[in-house]
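For the single chain, residues carry numbers from 1 onward in sequence order. Quick caveat: nothing in here was measured; it's all calculated off a predicted structure.
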Amino acid sequence: MSISLERDLRQCGTFTASRDNCGDRGKQANSTYLSASKVGIITKLITKVTMLLQNRAVFALRLRMCSTHVMRGPLMDTARPSSDMSEFRALFSKAKHIAIITGAGVSAESGVPTFRGENEKWRKWQSQDLATPEAFSRNPSRVWEFYHYRRELALSKKPSVAHLAIAECEARLRKQGRSVVVITQCIDDLHRQAGSKHVLKIHGSLMETRCVSCGHVTTNKQSPICAALKDKGAPDPDVADAQIPVDKLPRCDESDCHGLLRPNVVFFGETLDSHMLTKVEKEMEICDLCLVVGTSSIVYPAAMFGPQIASRGIPVAEFNIQTTPKTGYFTHHFQGPCGTTLPPALARHESEVI
């Protein structure tokens, strides 16, 4: 047994004698032993802890959002992914718990920039360099301008055909006793606007703020979010920083706080919320069909969700404008705009009872 685990067990009251108490009382300590029943309990506990750690190990890896490392080697041997829609539809008709993992590609079809490729820069800075806790600490005015720009963009957009297809599917299947959960990397509010009810936002939300002092989280769709940010945030390289005083930036409304607010999103370099990951893990364990829609599958931990589900032998279908580093893990791949490929995949199946 490891010393650290033994220490944890002692702290929980499992041991009747403490190794730390043995020194000066030698013989007295040596005369205190564990009963056979307690040895059995401890052995079982160690086994359970070991199994738990093994099962959750994949969730402990790559939780830092700055990682774009691609996993090497497939989780399972698979043939070339099928593009047979009728084959997928047969699987869809039998599924009871469907997990749909969505990325920026879904919102891109609504006109929300992906902030990669040609949209990777805001003014003269890389977007990923602004979306960090260090950048917010150094220059909260600049980071708030950047996020204000993103908020205003998102607030001006409407759900895409793909958003609407997912929401319609969830509502329809709910009446049949079947479930659909959306696990999204998107930080806009478009899945909710489309009507989806069961949405897990693993990267947070642009429409929420969190106080850096008291931690209070609240929904905020005001436009502008504060007077000082009105008409600020233009992305053009020749636009100068507004240099807004920190006391004029969004502030907490909680009584006796008035702390600085930040966007309630996961910055690069921060770990995902453990409670959110637990919810995601539970959905991954019960799903019997998974769709990976509009994601490049390079940002962790979301990039491993689909392959992890596939490793259990669950059908996973990818919908994207191109192949990704994870395409080879999946049973199906449908290439093209999500607004074109997804609606027929999720439409009412002939076997469904109206």
Side-chain angles (χ1 to χ4, degrees), residues 64-68 103-158 160 185-190 193 201 203-254 257-271 296 298-299:
R64 297 187 68 83
M65 295 309 301
C66 59
S67 174
T68 55
V106 176
S107 293
E109 294 185 18
S110 289
V112 178
T114 62
F115 293 94
R116 290 186 180 277
E118 63 180 15
N119 298 308
E120 197 164 7
K121 277 195 172 183
W122 178 84
R123 295 180 185 169
K124 61 182 179 181
W125 293 281
Q126 296 286 334
S127 296
Q128 293 185 23
D129 292 335
L130 293 171
T132 69
E134 293 80 12
F136 187 77
S137 178
R138 287 194 305 267
N139 197 328
S141 173
R142 179 186 296 158
V143 174
W144 255 121
E145 275 200 87
F146 169 65
Y147 276 102
H148 181 66
Y149 166 65
R150 298 187 68 175
R151 276 173 54 92
E152 295 296 301
L153 261 178
L155 285 168
S156 70
K157 304 304 180 184
K158 300 297 182 183
S160 67
Q185 301 172 73
C186 300
I187 59 176
D188 53 57
D189 199 44
L190 293 174
Q193 284 188 42
K201 294 185 175 182
H203 292 173
S205 173
L206 277 173
M207 306 309 159
E208 293 179 352
T209 56
R210 184 168 82 246
C211 178
V212 300
S213 297
C214 71
H216 181 68
V217 174
T218 186
T219 299
N220 189 323
K221 297 184 180 180
Q222 292 178 203
S223 175
I225 191 171
C226 71
L229 281 166
K230 181 177 174 61
D231 299 325
K232 299 297 191 295
D236 305 298
D238 56 346
V239 174
D241 284 358
Q243 298 183 351
I244 301 169
V246 70
D247 63 326
K248 300 298 183 183
L249 292 172
R251 310 298 296 193
C252 183
D253 289 332
E254 289 296 286
C257 181
H258 201 59
L260 176 65
L261 297 179
R262 56 164 279 180
N264 190 35
V265 298
V266 179
F267 287 148
F268 286 92
E270 293 181 326
T271 56
S296 58
I298 60 173
V299 177

Item to check | Residue pair S223 / E152: nearest heavy atoms and the distance that separates them | outcome: OG-OE1, 2.7 Å
Item to check | Electrostatic pair K121:D129 at N-O distance under 4.0 angstrom | outcome: no
Checklist outcome for this item: One should read off an interatomic distance between I225 CD1 and M207 CE, to the nearest 0.5 angstrom, of 9.5 Å
Checklist entry - Ignoring hydrogens and geometry, is there a side-chain-to-backbone donor-acceptor pair from W144 to L261 under 3.5 Å? => result yes
Checklist entry - Do we see a donor-acceptor contact under 3.5 Å between the side chains of S107 and D188? => result yes
Checklist entry - With no hydrogens and no angle check, is any side-chain donor or acceptor of H148 less than 3.5 Å from a backbone partner on L229? => result yes
Checklist entry - Checking S127 side chain against E120 main chain: does a donor-acceptor pair fall under 3.5 Å? => result yes
Checklist entry - Are a donor atom and an acceptor atom from the side chains of T218 and E208 found within less than 3.5 Å of each other? => result no
Next on the checklist: Is it the case that the side chain of E145 and the backbone of A242 share a donor-acceptor pair, with hydrogens and angles ignored and the cut-off at 3.5 Å?
Outcome noted: yes
Checklist entry - Is the NZ or CZ atom of R262 positioned over Y147's six-membered ring, under 6.0 angstrom from the centre and within 45° of the axis? => result no
Checklist outcome for this item: Distance col, row F146:CZ vs L130:CG, nearest 0.5 angstrom, shows 5.5 Å
Checklist outcome for this item: On a heavy-atom basis, the closest approach of L260 and P250 is CD1-O, 3.7 Å
Checklist entry - Would you call R123-D238 a salt bridge at under 4.0 Å N-O? => result no
Next on the checklist: Any heavy-atom pair between the side chains of N264 and V217 that's under 4.5 Å?
Outcome noted: yes
Next on the checklist: Ignoring hydrogens, what is the shortest heavy-atom contact between S137 and P140? Give both atom names and the distance.
Outcome noted: O-CD, 4.0 Å
Checklist entry - Are K201 and D189 close enough, and set up right, to give a salt bridge (Lys or Arg N to Asp or Glu O under 4.0 Å), and what steps lead you there? => result CA-CA 10 Å; K201 294 185 175 182; D189 199 44; 3.3 Å; yes
Checklist entry - Hey, what do you get for NE2 (H216) to SG (C257), rounding to the nearest 0.5 Å? => result 9.5 Å
Checklist outcome for this item: Scanning both residues in full, the closest heavy-atom pair of A135 with T132 reads N-OG1, 2.9 Å
Checklist entry - Roughly how far, to the nearest 0.5 Å, is the NZ atom of K230 from the NZ atom of K232? => result 9.5 Å
Item to check | Side-chain touch V266/T271, heavy atoms, less than 4.5 angstrom | outcome: no
Next on the checklist: Using 0.5 Å steps for rounding, measure from the CD atom of Q128 to the CZ atom of F267.
Outcome noted: 13.5 Å
Item to check | Sidechain-backbone polar pair: R151 side chain, L206 backbone, donor-acceptor under 3.5 Å | outcome: yes
Checklist outcome for this item: Closest non-hydrogen contact found for G233 with Y149 is O-CB, 3.2 Å
Checklist entry - Checking R142 against W122: charged group under 6.0 Å from the ring centre and within 45 degrees of the axis? => result no
Checklist entry - What do the steps show when you test E254 against C214 for side-chain contact (heavy atoms from CB on, under 4.5 Å), and what is the final call? => result CA-CA 9 Å; E254 289 296 286; C214 71; 4.3 Å; yes
Item to check | Exercise: identify the closest heavy-atom pair between V265 and E270 | outcome: O-OE1, 3.8 Å
Checklist entry - Hey, does the side chain of S160 reach the backbone of S110 with a donor-acceptor pair shorter than 3.5 angstrom? => result no
Checklist outcome for this item: CZ (R251) and OG (S213) are apart, to the nearest 0.5 Å, by 7.0 Å
Item to check | D253 atom CG, over 12 foreign heavy atoms within 6.0 Å | outcome: no
Item to check | Under 3.5 Å donor-acceptor, H203 side chain and Q185 backbone | outcome: yes
